[in-house]
Amino acid sequence: MCGIVGFTGTQQAASLLLEGLKKLEYRGYDSAGIAVLGDGGIRVEKISGKVEKLCEKTMDGAAVPGSTGIGHTRWATHGAPTDLNAHPHLSNDGRWAVVHNGIIENYASLREELTARGCAFHSETDTEVIVHLLEYYDAGDVKTTVMKTVARLEGSYALGVLCADKPGTLFAVRESSPLILGVGVGENYFASDVTALVSYTKNAIYLDDGEFAELTPEGITVYDCSGKQIEKPISRITWDVEAAEKGGYAHFMLKEIMEQPAAVRAAIAPRLRDGEVVLEEFDLTPEELREFNKIVITACGSAYYAGCAARYALESLTRIPVEAVLASELRYADPIIDEHTLLIVISQSGETADTIAAMKECRSRGARALAIVNVVGSTIAKTADWTLYTWAGPEIAVATTKGYTTQLAVLFLLAMSMGRKLGRLDDDRYALLLYDLLRLPKLIQNAIDLNHAVPALAKKYHDSPSLFFIGRNTDWAVALEGALKMKEISYIHAESYAAGELKHGTIALIEEGTPVVAVCCNEALEDKTISNIVEVKARGARVLAVAFRGDRKIVSQANDVIFIPKINTLFSPILAVIPMQLLAYYVAKENGCDIDKPKNLAKSVTVE
Ligand code: G6P
């Protein structure tokens with residue numbers, strides 16, 4: 001996740017900015033840069049790679065003199081991790097420098113507009129439009145220029161702005177992306193999180209969305225979006241560096257669970273334009289799509305389960321047969337695959353060895369590969385015929401959470417886009433699905449909020465030697481991911497079964513007190529799953545059900561129920577998985593497990 005820092009004072013800015021960037025390294029990044037205003041104007045130093053490399057290049061900042069500056073660590077989204085794409089970006093007249101955290105959703109149209117006016121672009125980033133807008137709107141007054149520029153931006157952004165005409169002054173702007181101002185004595189700072197500030201000051205001002213601030217060594221002035229000065233309270237930072245890295249959460253996994261509304265928004269919002277799903281990176285014509293007579297999804301681990309969950313939406317909306325196959329199996333299966341197969345390859349890291357091998361095998365047979373990947377510039381992203389990034393930001397906990405839900409979000413967009421182009425999705429159904437898609441970030445937040453009882457439930461279930469997860473259809477896919485999450489981080493044996501299969505063997509393992517997690521979010525099949533709940537209860541099971549809010553039927557059948565907001569069944573896995581993640585998390589916490597780094601597991605499995 002990108003990180004930004006800013007400093008104005010009397011000390012040399014560069015070394016302080018580099019120190020701040022080091023504190024933000026934990027967020028994950030692939031390039032870094034600083035811009036400092038000195039006697040000769042703004043000087044930018046940026047590189048792909050680590051902050052350490054930037055320190056070497058700048059002699060720990062000594063080579064970039066000046067006492068006002070901004071810095072950035074970049075996690076690539078728009079454009080590969082290269083020197084040119086790294087921030088800060090500089091305007092063509094060299095008078096403006098910008099660092100940005102977030103995504104400018106309307107960057108494509110702004111870039112077109114500015115290019116038509118003769119503006120030259122030097123990077124592939126969405127951010128670069130901002131610096132050229134600043135130059136374009138330059139009215140001699142920095143505050144007015146910043147306001148005019150910001151008024152043109154759609155999306156999420158935390159911005160740091162430096163202007164050569166205003167030594168000692170920085171502007172910081174916040175919209176749907178965190179930004180904190182550090183209040184010092186004779187110097188002031190900003191940063192995207194408090195880790196970069198705590199070594200310098202414990203006094204902070206938290207900007208709200210739509211607000212912006214002017215920082216000088218002497219003081220900080222905060223404005224609302226209309227430019228009116230407002231009073232903001234100064235808060236005391238109580239976190240140490242370690243707590244700050246995790247945003248105050250006990251573990252990265254919990255932080256990443258909580259980040260899901262924002263992550264899913266980042267995956268979806270830029271791809272919805274005027275009521276249409278727009279996938280620029282996979283912009284096939286209906287004729288080209290009709291060439292595919294089969295879709296094969298391949299992946300490993302949770303990415304495979306995301307494929308299992310989304311295959312129902314893909315099949316239902318495109319009416320093309322879909323199968324999901326584990327990459328480690330597909331690569332040796334002598335699969336019947338040819339140029340009429342669309343291969344969907346899902347991977348958070350983009351580096352999983354089995355997934356890469358399965359993709360190569362299928363492409364050698366003529367299949368064309370569409371990758372759904374989080375890490376920009378990774379092997380899978382570079383090798384596939386097309387790549388849709390999930391834009392989840394870096395995931396630090398080994399057990400994936402926002403990686404999985406953003407994969408689902410992108411797969412749902414894909415299903416809708418393909419179904420629409422193929423003419424197999426009528427307007428009414430499309431409108432209903434679109435309505436749910438637009439609400440997804442909010443619904444995910446609601447699902448998190450509805451789960452307040454999970455820590456107490458975890459106390460009930462944490463000492464079970466074994467748990468079962470059941471469900472049908474989309475619910476079964478969620479049960480698979482639920483059992484995996486539980487195994488991964490709590491080390492408790494957990495099995496997932498298609499509920500209808502229980503009586504073919506597994507039910508023999510149900511004893512007095514055996515916990516069974518029953519996912520019941522597929523309304524058409526709920527009665528069927530309830531009959532399985534009745535079967536296991538008759539053998540002594542304790543049933544924890546996950547169901548849509550307002551479902552009264554389930555309350556009388558299960559011992560405990562966790563509710564999620566109602567949504568179209570095809571999209572329900574993205575909400576139903578939230579209680580699974582939280583349950584695994586709190587059970588593991590209850591059992592004192594090393595949640596972020598579970599034993600024997602790796603975040604990225606680059607060997608077979
Ligand atoms: C590892 C991770 C899982 C992940 C799987 C596939 O096992 O611990 O969280 O689902 O690899 O990784 P990928 O990066 O390809 O999604």
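Quick note: residue numbers are just sequence positions, from 1. Note that ligands are numbered from 1 as they come in the structure, with each ligand's atoms numbered from 1 the same way. Given the structure is predicted, the values throughout are model-derived calculations rather than measurements.
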Next item on the list: Could you list the atoms of ligand 1 found under 4.0 angstrom from a heavy atom of A303?
Entry: 10 (O), 16 (O)
Note to self: Tell me the protein heavy atom at minimum distance from atom 4 (C) of ligand 1, and give that distance in Å.
What the structure shows: S302 N, 4.2 Å
Next item on the list: List every atom of ligand 1 that sits less than 4.0 Å from any heavy atom of V398, numbering the atoms from 1 in the order shown and giving each element.
Entry: 8 (O), 9 (O)
Check: Do E105 and R273 sit within salt-bridge range, that is, some charged N less than 4.0 Å from a carboxylate O?
Finding: no
Notebook entry, point to check: What protein heavy atom is closest to atom 16 (O) of ligand 1, reported as residue, atom name and distance in Å?
Noted result: Q348 N, 2.7 Å
Checklist line | Polar proximity ligand 1 side, S349 side, N/O cut 3.5 Å exclusive | finding: yes
Next item on the list: Please could you name the atoms of ligand 1 that S347 approaches to less than 4.0 Å, counting only its heavy atoms?
Entry: 13 (P), 14 (O), 15 (O), 16 (O)
Next item on the list: Do me a favour and list the nearest non-hydrogen protein atom to atom 12 (O) of ligand 1 with residue, atom name and distance?
Entry: T352 OG1, 3.3 Å
Checklist line | Ion pair check, K566 and D436, cut-off under 4.0 Å | finding: no
Check: Do you see a donor-acceptor pair shorter than 3.5 Å between the side chains of N293 and H340?
Finding: no
Next item on the list: Decide whether R549 and N446 meet the rule of one side-chain donor and one side-chain acceptor closer than 3.5 Å.
Entry: no
Next item on the list: Salt-bridge test for E488 and K485: reply yes if a basic N is under 4.0 Å from a carboxylate O, no otherwise.
Entry: yes
Notebook entry, point to check: Does the pair E25/K50 count as a salt bridge with the N-to-O cut at 4.0 Å?
Noted result: no
Note to self: With rounding to the nearest 0.5 angstrom, report the CG to CE distance, L582 to M258.
What the structure shows: 5.5 Å
Next item on the list: Using non-hydrogen atoms of the residue, decide whether C300 is closer than 4.0 angstrom to ligand 1.
Entry: yes
Item checked: atom 8 (O) of ligand 1 - nearest protein heavy atom and its distance -> A602 O, 3.0 Å
Margin query: Please list, in number order, the atoms of ligand 1 under 4.0 Å from a heavy atom of T400.
Written below: 9 (O)
Item checked: Shortest protein contact, atom 7 (O) of ligand 1 (heavy atom only) -> V605 CG2, 3.9 Å
Checklist line | side chain to side chain contact (heavy atoms under 4.5 Å, CB included) partner of R365, chosen from D334, L343, I336 | finding: D334
